[in-house]
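What follows is a set of notes on a single structure, which appears directly below.
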Amino acid sequence: MSSASALEELLHSPRLPEYAELIRQRLADEQTRREQFYSEMTDEFKTEFISGEVIMHSPARNRHLVASGHLFGLLHSWVSSSRIGLVHVEKALCVFNRNDYEPDIVFFGSDKAQRITPDTLRFPVPDFIVEIVSNSTEERDRGVKFEDYAAHGVREYWIVDPIEESLEQYILTEAGQYKLKMKSQSGEVSSVVITGFTIPVQAIFDVEANRTELAGIISPHRC
């Protein structure tokens, strides 16, 4: 059954008032726990608040850190040199209507970046997100996060698999859903949201390919 069909069935159910009260109570309880999450969170751990639960993340494997570091370096160099916004890697708590996420890499365009100060602790919804999947995160990265990011207007979403060394690029459609633009272990990927950012997919995973690409990004802006 599709989500639209399920909602339609719920709206016509004689138990709708009962369900509505249960939902109201659930959301009120979630909000209480969310405020507690805000008051207790620290910068020592990567934590997220998803569907009323606090998610603590385990240390990442080296392949995850390599892919994240390589891609962040490329994105940061391009965005900083082009002066088109702000890029962060992990630990940026992004606030959505119901949930709070700390994506692996986020990009905020100029309009949102201007509202971010040195003391910002809760960040707005990004324009572009990258998640590096692992066994412990893949279900959420392809599930609740995939749906939530689209529902709140994250215009581009990359899912990077460091084991397969592959990249999936999703673009938000006018209908508010993600459409797969490409999935590949080779070739080039061009961002739709980050103007002019085009890199070889292997530059995310391979040290030499990353070094070559980074040099190409930096060199033209030295003059």
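The figures here come from the full heavy-atom set of this structure, side chains too, leaving out hydrogens, waters and symmetry mates. Each residue takes its place number in the sequence, starting with 1. Predicted, not measured: the structure shown is a model, and the values here were computed from it.
The heavy-atom pair separating I194 from S191 by the smallest distance is N-OG, 2.8 Å. Closest non-hydrogen pair, L214 versus G73, comes out as CD1-O, 3.7 Å. When every heavy atom of S81 is checked against every heavy atom of S77, the shortest pair comes out as OG-O, 2.8 Å. C94 and F108 get closest at one heavy-atom pair: SG-CZ, 4.2 Å. For the residue pair L93 and T47, the shortest heavy atom distance occurs at CD1-O, 3.9 Å. Looking at every heavy atom in both residues, S68 comes nearest to I105 through O-CD1, 3.7 Å.
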ask   = Is there a side chain to side chain contact (heavy atoms under 4.5 Å, CB included) between K145 and N99 once you walk through the steps?
value = CA-CA 9 Å; K145 290 186 177 184; N99 302 313; over 6 Å; no
ask   = Where do E40 and V54 land on the side chain to side chain contact (heavy atoms under 4.5 Å, CB included) test, with the steps shown first?
value = CA-CA 11 Å; E40 295 178 351; V54 177; over 6 Å; no
request  = Evaluate the side chain to side chain contact (heavy atoms under 4.5 Å, CB included) criterion for residues V192 and R155: first the C-alpha distance (whole Å), next the side-chain angles of each, then the deciding distance (0.1 Å), finally the verdict.
outcome  = CA-CA 8 Å; V192 172; R155 294 183 288 143; over 6 Å; no
query = Are L16 and L10 close enough, and set up right, to give a side chain to side chain contact (heavy atoms under 4.5 Å, CB included), and what steps lead you there?
reply = CA-CA 6 Å; L16 178 61; L10 177 63; 4.1 Å; yes
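Separation of atoms CG (L27) and CG (N97) is listed at 11.0 Å; rounding is to 0.5 Å. The CG atom of L74 sits 8.0 Å away from atom CD1 of I204, with the distance rounded to the nearest 0.5 Å. The CD atom of E213 lies 12.5 Å from the CD atom of Q202; values are rounded to the nearest 0.5 Å. The CG atom of L22 lies 8.5 Å from the CZ atom of R15; values are rounded to the nearest 0.5 Å. Rounded to the nearest 0.5 angstrom, T198 OG1 and I217 CD1 are separated by 9.5 Å.
Ring pair Y178/Y170 is tilted by interplanar angle, where 30° to 60° counts as tilted.
Pairs passing the salt bridge (charged side-chain N to carboxylate O under 4.0 Å, His left out) check and including a residue from residues 107-126, sequence neighbours excluded, read K112-D127. Judged as a salt bridge (charged side-chain N to carboxylate O under 4.0 Å, His left out), the pairs with a partner in residues 83-101 (not counting sequence neighbours) are, in order, E30-R98, R34-D100.
Listed for the S110 side chain is a donor-acceptor partner under 3.5 Å among the backbone atoms of I84. Between the side chain of E168 and the backbone N or O of L180, no donor-acceptor pair lies under 3.5 Å. A side-chain donor-acceptor contact under 3.5 Å links S39 to the backbone of Q36. Counting only distance, with no hydrogens or angles, the side chain of H152 and the backbone of D148 share a donor-acceptor pair below 3.5 Å. Within the 3.5 Å criterion, the main-chain N or O of E102 finds a donor-acceptor partner in the side chain of E48. Checking side-chain atoms of S13 against main-chain N and O of E9 turns up no donor-acceptor pair under 3.5 Å. Remark: the backbone N or O of T195 is paired with a side-chain donor or acceptor of W78 at under 3.5 angstrom. The closest donor-acceptor contact from the side chain of Q169 to the backbone of K181 lies at 3.5 Å or more, if one exists at all.
For E138, the side-chain hydrogen bond (donor to acceptor under 3.5 Å, both in side chains) partners at least two apart in sequence or on another chain are R142. Y149 is linked by a ring-ring contact (aromatic ring centres under 6.0 Å, His included) to F96, Y101, Y157, counting only residues two or more places apart in sequence or in another chain. Partners of R63 under the salt bridge (Lys or Arg N to Asp or Glu O under 4.0 Å) rule, at least two apart in sequence or in another chain, do not exist in this structure. For H64, there are no ring-ring contact (aromatic ring centres under 6.0 Å, His included) partners at least two apart in sequence or on another chain.
In the displayed structure, E147 atom CD is contacted under 6.0 Å by at most 12 heavy atoms of other residues, nucleotides or ligands. Sparse packing is recorded around CD of E53, with 12 or fewer heavy atoms of other residues, nucleotides or ligands lying under 6.0 Å away.
Linking Ile, Leu, Val, Met, Phe, Trp and Tyr residues whenever their side-chain heavy atoms come within less than 4.5 Å leaves V125 and V193 in two separate clusters. L71 and V106 fall into different hydrophobic clusters, where Ile, Leu, Val, Met, Phe, Trp and Tyr are joined by side-chain heavy atoms under 4.5 Å apart, directly or via other members. In the hydrophobic cluster analysis, where Ile, Leu, Val, Met, Phe, Trp and Tyr join through side-chain heavy atoms closer than 4.5 angstrom, V154 is grouped apart from V95. No path of Ile, Leu, Val, Met, Phe, Trp and Tyr side chains, each step under 4.5 Å between heavy atoms, connects F72 with I159, placing them in separate hydrophobic clusters. If you chain together hydrophobic residues whose side chains sit under 4.5 Å apart, Y38 and I116 never meet in one group.
Looking at heavy atoms from C-beta onward, H88 lies in side-chain contact with F123 at the 4.5 angstrom threshold. Counting only heavy atoms from C-beta outward, the side chains of E139 and V144 never approach each other to under 4.5 Å.
Of the residues R33, R26, Q31, the one that meets the side chain to side chain donor-acceptor pair (under 3.5 Å) test with D29 is R33. Between L167 and the choices V160, D161, I199, the side chain to side chain contact (heavy atoms under 4.5 Å, CB included) rule is met once, by V160.
The pair K46-D104 counts as a salt bridge, with a side-chain nitrogen and a carboxylate oxygen less than 4.0 angstrom apart.
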